[in-house]
Amino acid sequence: MNENKRSHRCGELRDSDIGKDVTLMGWVHTQRNLGGCIFIDLRDRDGVTQIVFDPDIAGAALGLAAEVRGEWVVGIKGKVRSRGKNANTRISTGAIEVAATELEILARAKPVPFPIENEVNASEETRLKYRFLDLRREKLQKNFILRHKFNQVVRRTLDANGFLEVETPFLIKSTPEGARDYVVPSRVHQGKFFALPQSPQLFKQLLMVAGYDRYFQITRCFRDEDLRAERQPEFTQVDLEMSFVSPEDVQNVVEGVLANIWKELLDVTLPTPFERISYDDSMNRFGVDAPDMRFGLELKDLSSVVKGCGFKVFVDTVANGGVVKAVNLSGSGEWSRKDLEELEEVVKPYGAKGLAWLKIKEDQTLQGPIAKFFTPDDQANLKQALSLKVGDTAVFVADRLKVANAALGNLRKHVAKKRALVAKDQFRFVWVVDFPLFDYDEEAKRYSAAHHPFTSPKPEHADKMLSDPASVKAQAYDIVLNGIEIGGGSIRIHDQALQSRMFEAIGIGDVEAHAKFGYLLDAFQFGAPPHGGLALGVDRIMMLICGTDSIRDVIAFPKTQKQTDLMLEAPAAIDDAQLTELAIKLIEAKKA
RNA sequence: GGGGUGGUAGUUAAGUUGGUUAUAACGCCGGCCUGUCACGCCGGAGGCCGCGGGUUCGAGUCCCGUCCACCCCGCCA
């Protein structure tokens with residue numbers, strides 16, 4: 001075994017290989033010493049093969065095999081033979097075993113802190129500290145094999161569509177809008193800082209100006225915001241941009257990419273084109289801008305129905321400009337008082353002050369704490385508006401529109417999950433289109449860009465940008481899968497005058513705009529083609545493909561919720577010499 | 001920044017109204033065992049009960065603070 005060469009991988013041998021002399025190398029998954037003979041399950045990322053050390057043929061290797069422990073790295077030579085009726089049907093190589101004649105210990109291993117098995121027993125903390133061991137688990141290896149394939153399909157498909165892969169810089173300039181930037185000090189220019197890109201947005205637009213029509217990149221983006229189960233401080237996007245296109249052109253390309261991915265990774269044929277829903281419809285019917293349309297439980301606005309009823313909370317809310325929205329929970333089973341109290345807890349984090357409910361009794365009358373406030377006429381109207389039948393339960397939130405939508409929109413997702421209303425392996429893609437161009441920032445008392453400030457308004461709305469910003473729709477679109485936003489994009493502004501008007505609308509003056517984005521505005525003076533694009537969130541898509549709830553299962557070396565790396569113990573202090581070189585002095589440095 | 005859940009042996013967990021020597025499983029170490037595949041059987045070692053205070057005759061258990069992990073809200077153009 002001097003050459004360190006394998007003849008096969010550990011998932012490869014079949015009964016057609018019986019009789020062959022083979023060399024396998026890998027990790028000792030388990031060792032079973034029966035006294036006379038010893039079995040070793042040898043593992044690599046390809047699979048597991050049973051090695052048997054038979055005293056009749058193993059010779060000196062038998063004694064060595066007795067010493068071997070879990071996760072040692074070994075090489076073995078031997079002959080493939082049938083396991084006959086001892087075959088193991090649970091592994092791909094189960095029909096055969098290798099009768100070893102030689103064993104070489106390539107690396108010993110300390111006892112591992114947790115077993116290398118698919119069923120995760122160890123805590124997240126332990127797993128992250130020993131990430132290189134966690135990554136040995138078959139489940140994670142499968143995820144990263146799929147992620148590799150994802151990248152291959154993206155590159156192949158976009159290449160076939162005439163896209164060029166171009167790399168853009170990581171050390172760039174901090175921008176005022178958007179998320180918090182990660183910042184890198186400059187040694188050469190003391191007191192000045194680079195920022196890491198939140199996305200390659202401006203570069204891809206400059207590439208369009210440069211004539212590199214149809215650009216793409218699979219690239220890292222950095223945002224210094226707090227984490228969630230589906231959010232990491234550095235994450236990966238498939239970023240793409242095209243010139244001389246409509247939103248539909250971009251959407252077609254993206255549908256083609258996603259269809260190829262689902263076909264090749266999951267053998268699922270996606271029906272195209274995907275469904276489309278307007279932002280307004282999505283908010284009205286589902287309460288959120290990323291609707292999960294795999295199940296019903298749609299929201300209904302009952303403001304006009306209840307504005308004259310006897311329930312003061314509803315009446316006052318509507319009179320003060322709020323809304324009363326409701327969801328008929330029919331089709332999700334019986335709801336006890338205790339269940340409904342739990343739902344109230346679901347809704348509270350979104351600012352809802354309470355969750356009213358009504359049930360329809362056998363005799364068609366309403367039951368519930370608020371039932372007495374409704375006249376027979378009101379009751380009839382409610383029943384009709386919510387399509388309430390005997391046995392149904394409806395829940396109500398009365399609040400500002402934003403709160404009512406968020407509360408009930410997330411409640412319906414919660415109910416669907418809890419009551420298992422969604423069939424497994426269902427993929428419902430939908431385009432959400434006609435987003436508003438602006439958001440009103442209630443704290444700053446001004447409008448800000450809903451998507452980003454380079455998003456083009458719908459042409460017919462462009463003249464209302466300053467006079468009636470709230471009504472302006474953007475040529476912006478998100479792609480949503482099963483209620484999760486997996487990508488978004490827009491047609492961009494390519495006209496310098498329009499771009500200036502956009503900055504004006506969001507309160508960025510000429511001077512500031514030129515200071516921050518001068519290079520883009522300059523570029524627009526030298527022949528900018530109409531262009532648009534989109535970015536896909538690779539990590540979130542991989543979560544859905546791999547069927548996991550944690551983004552850490554699809555990122556090889558992820559960070560904790562507090563943005564640390566438990567394996568590297570990063571971030572870490574740097575020494576004084578480095579600080580001096582950067583001309584940085586720490587103030588009130590929190591002791592690590 | 002706020003809310004919630006958790007932290008006890010290498011790992012995962014149990015630990016009663018505060019009360020003698022803190023349990024179990026897996027793993028680890030030693031012994032036996034020739035068809036196992038979660039091998040089996042016998043024996044053994046292994047503890048800063050996250051950390052720091054406090055209450056108490058006495059704290060894994062009660063109180064205060066703090067650190068870490070996870071989930072959620074805010075935040076994420």
Side-chain angles (χ1 to χ4, degrees), chain A residues 29-42 48-56 58 62 66 69-71 83-91 93-94 97 99 110-117 119-130 133 175-181 198-199 201-202 221-233 235 345-352 403 406-407 410 414 435 437-439 441 443 447-455 474 476 485 488 490 502 506 508 516-517 537 549-550 552 559-562 564 566 569 590-592:
Chain A
H29 194 57
T30 58
Q31 182 246 40
R32 294 179 292 280
N33 187 342
L34 274 66
C37 72
I38 296 171
F39 296 97
I40 285 176
D41 289 343
L42 195 65
V48 170
T49 302
Q50 172 164 293
I51 315 299
V52 58
F53 294 82
D54 185 330
D56 297 335
L62 184 69
R69 294 293 177 269
E71 300 308 314
R83 289 176 66 173
K85 52 179 181 286
N86 285 325
N88 182 346
T89 52
R90 288 184 306 170
I91 57 175
T93 60
E97 64 187 359
K110 294 204 293 185
V112 286
F114 54 88
I116 311 301
E117 296 167 348
E119 301 72 37
V120 195
N121 263 329
S123 70
E124 195 80 31
E125 205 170 343
T126 312
R127 292 170 53 204
L128 287 172
K129 185 171 174 192
Y130 298 96
L133 296 179
T175 51
E177 301 260 322
R180 220 173 272 117
D181 284 320
Q198 295 175 28
S199 78
Q201 181 62 34
L202 294 162
C221 303
F222 306 87
R223 294 181 191 174
D224 184 5
E225 298 292 349
D226 290 327
L227 272 55
R228 287 287 187 282
E230 56 179 29
R231 220 195 278 167
Q232 281 270 310
F235 60 97
E345 295 309 309
V346 171
V347 124
K348 276 184 174 167
Y350 300 97
V403 171
N410 286 290
H414 172 88
F435 272 77
L437 187 63
F438 302 106
D439 272 340
D441 183 334
E443 268 182 38
Y447 285 91
S448 61
H451 185 49
H452 57 55
F454 317 105
T455 302
E485 179 196 330
S490 62
M502 180 70 192
I506 59 175
I508 296 181
K516 303 292 186 187
F517 304 111
D549 289 328
S550 170
R552 294 179 297 281
K559 296 199 171 36
T560 68
Q561 191 164 51
K562 284 239 174 78
T564 66
L566 295 179
E569 298 183 310
K590 284 180 190 163
K591 202 100 171 61

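For clarity, every value in this text was computed on a predicted model and none was experimentally measured. The sequence lines fix the lettering, A, B, ..., with proteins before strands; numbering per chain opens at 1.
Protein atom CD1 of A:Ile116 is 19 Å distant from nucleotide atom P of B:rC26, rounded to whole Å.
Spacing between B:rU12 and B:rG43 at atom P, rounded to whole Å, works out to 27 Å. B:rC26 sits 26 Å from B:rU34 when the C1' atoms are compared, rounded to a whole Å. The same atom, C1', is picked in B:rA25 and in B:rU8; the two are 15 Å apart, to the nearest Å. Nucleotides B:rG27 and B:rC39 are separated by 16 Å at their C1' atoms, to the nearest Å.
Salt bridge A:Asp226/A:Lys562: absent, no basic N to carboxylate O contact under 4.0 Å. Ionic pairing of A:Arg180 and A:Glu225 is present here: one or more N-O contacts between side-chain nitrogen and carboxylate oxygen are shorter than 4.0 angstrom.
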Problem - Heavy-atom protein contacts under 4.0 Å, nucleotides 4-13 of chain B, coded B base, S sugar-phosphate only, - none - result: ------SSS-

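Using the Watson-Crick or G-U wobble rule with both distances under 3.5 Å, B:rG44 pairs with B:rC28.
Within the structure, every side-chain polar atom (N or O) of A:Arg69 is placed at least 4.0 Å from both OP1 and OP2 of B:rG27.
For a distance-only test at 3.5 Å, the side chain of A:Arg83 qualifies as a donor-acceptor partner of the base of B:rC37.
Among the nucleotides B:rC71, B:rG35, B:rU36, the one closest to any side-chain atom of A:Arg32 is B:rU36. Here B:rG1 is the nucleotide among B:rC39, B:rG35, B:rG1 with the atom lying nearest to any side-chain atom of A:Asp226. Which of B:rG74, B:rU34, B:rC71 sits closest to the side chain of A:Gln561 comes down to B:rC71. Distances from the side chain of A:Asp54 to the nucleotides B:rC72, B:rG35, B:rC70 place B:rG35 closest. Comparing B:rC75, B:rG35, B:rC71 by their closest approach to the side chain of A:Arg228 singles out B:rC75. In the set B:rC72, B:rC70, B:rC68, B:rC68 carries the atom at the smallest distance from any side-chain atom of A:Lys562. When distances are taken from the side chain of A:Glu225 to each of B:rG30, B:rC75, B:rC72, the shortest belongs to B:rC75. Each of B:rC70, B:rG35, B:rC75 was ranked by its minimum atom distance to the side chain of A:Leu128; first place goes to B:rC70. Nearest to the side chain of A:Leu34, among B:rG74, B:rC39, B:rC76, sits B:rC39.
Under the 3.5 Å distance criterion, with hydrogens and angles disregarded, no donor-acceptor pair is assigned to the side chains of A:Arg552 and A:Gln561.
When each of A:Thr30 and A:Pro111 is assigned the nucleotide of RNA chain B with its nearest heavy atom, A:Pro111 is the one assigned upstream, toward the 5' end.
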